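Have a look at the structure below, then the notes.
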Amino acid sequence: MSTVGKVIKCLAAVAWEAGKPLSIEEIEVDPPKAGEVRVQITATGVCHTDAYTLSGKDPEGVFPVVLGHEGGGIVESVGEGVTSVKPGDHVVPLYVPQCKTCKFCLNSKTNLCQKVRVTQGQGVMPDGTKRFRCKGQELYHFMGCSTFSQYTVVLEISICKVNEAAPLDKVCLLGCGIPTGYGAALNTAKVEPGSNCAIFGLGAVGLAVALGCRAAGAKRVIGVDINPAKFEVAKKFGVTEFVNPKDYDKPIQEVLVGLTDGGLDYTFECIGNVSTMRSALEACHKGWGVSVIIGVAGAGEEISTRPFQLVTGRTWKGTAFGGYKSRDSVPQLVDEYLSKKLPIDDFVTHNVSLKEINEAFHLMHSGQSIRAVVHF
Ligand SMILES: NC(=O)C1=CN([C@@H]2O[C@H](COP(=O)(O)OP(=O)(O)OC[C@H]3O[C@@H](n4cnc5c(N)ncnc54)[C@H](OP(=O)(O)O)[C@@H]3O)[C@@H](O)[C@H]2O)C=CC1
Ligand SMILES: N[C@@H](CCC(=O)N[C@@H](CSC=O)C(=O)NCC(=O)O)C(=O)O
Ligand SMILES: [Zn+2]
Ligand SMILES: [Zn+2]
């Protein structure tokens with residue numbers, strides 16, 4: 001029996017309040033309105049940003065909410081006016097939309113489409129309403145995606161069709177962590193052949209930075225992490241050396257400057273800690289070193305360094321979604337995966353069912369997983 005135009009009842013992992021485990025609930029998902037698409041999610045990754053918002057540290061965090069933004073799925077139905085996808089298409093939801101008309105989309109210097117940024121940050125659709133209900137309560141959307149649900153509703157500008165030959169339980173990771181790190185090296189830093197790079201935090205994002213640095217021809221890629229178990233894994237992604245700050249009694253930036261004849265050409269912060277953001281900047285070479293902030297820090301936290309660090313030629317940058325214009329780029333990254341240029345499978349260390357989603361968070365917090373993929 002067709003579900004088109006009807007409310008769908010399905011399972012979702014609901015975050016009722018900050019700091020509490022997710023709860024598997026039956027929810028109601030409304031049909032898509034004009035410009036919207038209802039998607040059956042078949043797999044989703046769990047990114048550190050989901051844990052960050054669940055922790056209560058996100059100034060934009062609102063509850064109850066359906067979290068998740070690293071999903072893959074199949075279009076169930078489309079709202080009026082939708083032309084770029086149709087029922088049955090394989091798709092990846094995109095937390096950075098690409099409307100192709102706003103001044104950000106029309107500027108080649110940025111990927112940060114602002115068409116719906118305000119309402120997306122408020123956890124609602126552009127008309128101010130929501131498409132999810134549970135136990136008589138409306139649930140907020142998250143990052144325009146809400147992939148921790150068997151069905152979700154997203155905007156057409158926040159979705160792209162991908163090659164059906166690609167398994168959705170792998171290319172779902174192209175919804176966030178992999179493009180973020182890979183693009184940070186290739187698009188934001190624009191790493192050159194022969195460069196020396198350091199990556200702070202060897203989770204999925206940091207390891208994707210390593211892939212990007214190596215693809216760009218970097219000579220040395222130094223991984224900085226407090227979990228020594230990460231090094232063996234990191235070698236596979238192109239990390240050439242490992243430094244554990246716990247092994248030294250001086251600031252890690254001093255250690256790195258000493259190891260690299262004055263500092264790194266490029267550093268990347270993939271943790272979300274303002275102290276390591278400072279270390280990453282100060283580990284850069286005088287005169288030309290560039291440090292890219294990728295990690296997301298909690299409400300109220302601020303970065304600092306001596307302005308002299310910048311006066312003497314170091315550059316501090318940041319990136320979201322690796323600088324990729326999302327709808328143009330993710331289908332291309334899927335094709336890079338299919339041609340074996342981009343090794344997504346290596347990121348998937350664990351597979352769990354929706355009912356086990358809290359275990360995926362535990363695996364991430366305990367440093368055991370790179371990515372745990374939830375199967376619906
Ligand atoms: N800007 C953007 O577009 C995006 C930003 N993010 C952000 O990027 C960050 C990384 O995400 P993700 O890879 O999913 O996270 P993970 O939790 O998978 O990885 C973080 C890594 O950093 C390590 N770490 C923690 N503290 C330190 C420290 N003090 N020094 C060195 N290493 C440390 C962790 O070690 P351990 O194994 O012990 O936990 C872990 O290996 C998060 O802040 C996330 O919110 C994510 C996606 C997109
Ligand atoms: N809500 C937070 C900001 C969180 C943040 O910086 N998100 C990143 C993506 S993290 C993905 O895992 C991002 O894209 N930022 C750009 C944006 O427009 O949000 C806060 O309010 O601090
Ligand atoms: Zn993410
Ligand atoms: Zn736009």
Side-chain angles (χ1 to χ4, degrees), residues 18 35 44-63 65 67-71 92-123 126 140-148 155-160 172-184 187-188 201 203-209 269-272 274 277 292-303 317-330 347 360-361 364 370-374:
T44 180
V46 175
C47 170
H48 205 113
T49 305
D50 298 308
Y52 156 83
T53 299
L54 182 59
S55 76
K57 289 182 187 160
D58 181 352
E60 291 183 310
V62 280
F63 297 87
V65 61
L67 295 170
H69 62 284
E70 205 171 63
V92 173
L94 303 161
Y95 67 84
V96 175
Q98 189 185 355
C99 75
K100 305 190 182 187
T101 58
C102 77
K103 80 173 172 184
F104 289 76
C105 283
L106 295 174
N107 190 326
S108 62
K109 291 179 182 171
T110 184
N111 64 330
L112 293 176
C113 173
Q114 294 297 292
K115 180 88 174 179
V116 296
R117 180 63 187 84
V118 172
T119 47
Q120 179 170 310
Q122 293 165 342
Y140 285 101
H141 296 250
F142 180 61
M143 291 175 76
C145 295
S146 290
T147 59
F148 292 170
L155 295 175
E156 180 183 23
I157 62 168
S158 304
I159 205 156
C160 66
C172 61
L173 301 189
L174 294 176
C176 184
I178 295 177
T180 295
Y182 198 59
N187 305 326
T188 309
V205 173
L207 295 172
V209 171
E269 204 278 355
C270 312
I271 300 164
V274 292
M277 289 175 188
V292 181
I293 293 180
I294 306 172
V296 173
E301 293 183 13
E302 294 183 351
I303 48 170
K317 301 181 90 170
T319 187
F321 201 60
Y324 283 112
K325 290 202 185 260
S326 61
R327 289 165 76 201
D328 288 345
S329 305
V330 169
F347 286 84
F361 280 77
M364 179 174 61
I370 300 175
R371 276 291 192 258
V373 171
V374 179

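Atoms within a ligand are numbered from 1 in the order they appear, just like the ligands themselves. Just so you know, residue 1 is the first one in the sequence shown, and it goes up from there. Here the structure is a predicted model, which is why all the values come from computation and not from measurement.
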How close does the nearest protein non-hydrogen atom get to [atom], and which residue and atom is it?
atom                    : result
atom 11 (C) of ligand 2 : Thr49 OG1, 3.3 Å
atom 5 (C) of ligand 2  : Val296 CG2, 3.8 Å
atom 2 (C) of ligand 2  : Asp58 OD1, 3.2 Å
atom 16 (C) of ligand 2 : Ala320 CB, 3.9 Å

Contact atoms of ligand 2, heavy-atom distance to [X] under 4.0 Å:
X      : answer
Glu60  : 1 (N), 2 (C), 21 (O)
Cys47  : 12 (O)
Cys176 : 11 (C), 12 (O)
Met143 : 11 (C)

Decide yes or no for [X] and [Y]: does some side-chain heavy atom of the first lie under 4.5 Å from some side-chain heavy atom of the second?
X      : Y      : result
Val274 : Glu302 : no
Pro97  : Leu155 : no
Thr49  : Met143 : yes
Lys57  : Val296 : no
Val96  : Tyr324 : no

Query raised in the report: Is Thr44 reaching over with its side chain to a backbone N or O of Glu70, donor-acceptor style, under 3.5 angstrom?
Result: yes
Requested in this report: Examine Gln114 against ligand 2 and note whether any of their N/O atoms are separated by less than 3.5 Å.
Outcome: no
Query - Side chain, backbone, both or neither: Tyr95 near ligand 2, heavy atoms under 4.0 Å - result: side chain
Query raised in the report: Which part of Arg117 is near ligand 2, with near meaning a heavy atom under 4.0 Å away: side chain, backbone, both or neither?
Result: side chain
Requested in this report: Please state whether the separation between the Zn ion (ligand 3) and some N/O/S atom of His48 is under 2.8 Å?
Outcome: no
Query - Angle at the Zn ion (ligand 4) (to 10°), with one arm to SG of Cys102 and the other to SG of Cys113 - result: 120°
Query raised in the report: Which value, rounded to 10°, describes the SG(Cys105)-the Zn ion (ligand 4)-SG(Cys99) angle?
Result: 110°
Report task. Report the angle formed at the Zn ion (ligand 3) by atom SG of Cys176 and atom SG of Cys47, rounding to the nearest 10°. Result -> 130°
Query - Glu70 to ligand 2, any heavy atom closer than 4.0 Å - result: no
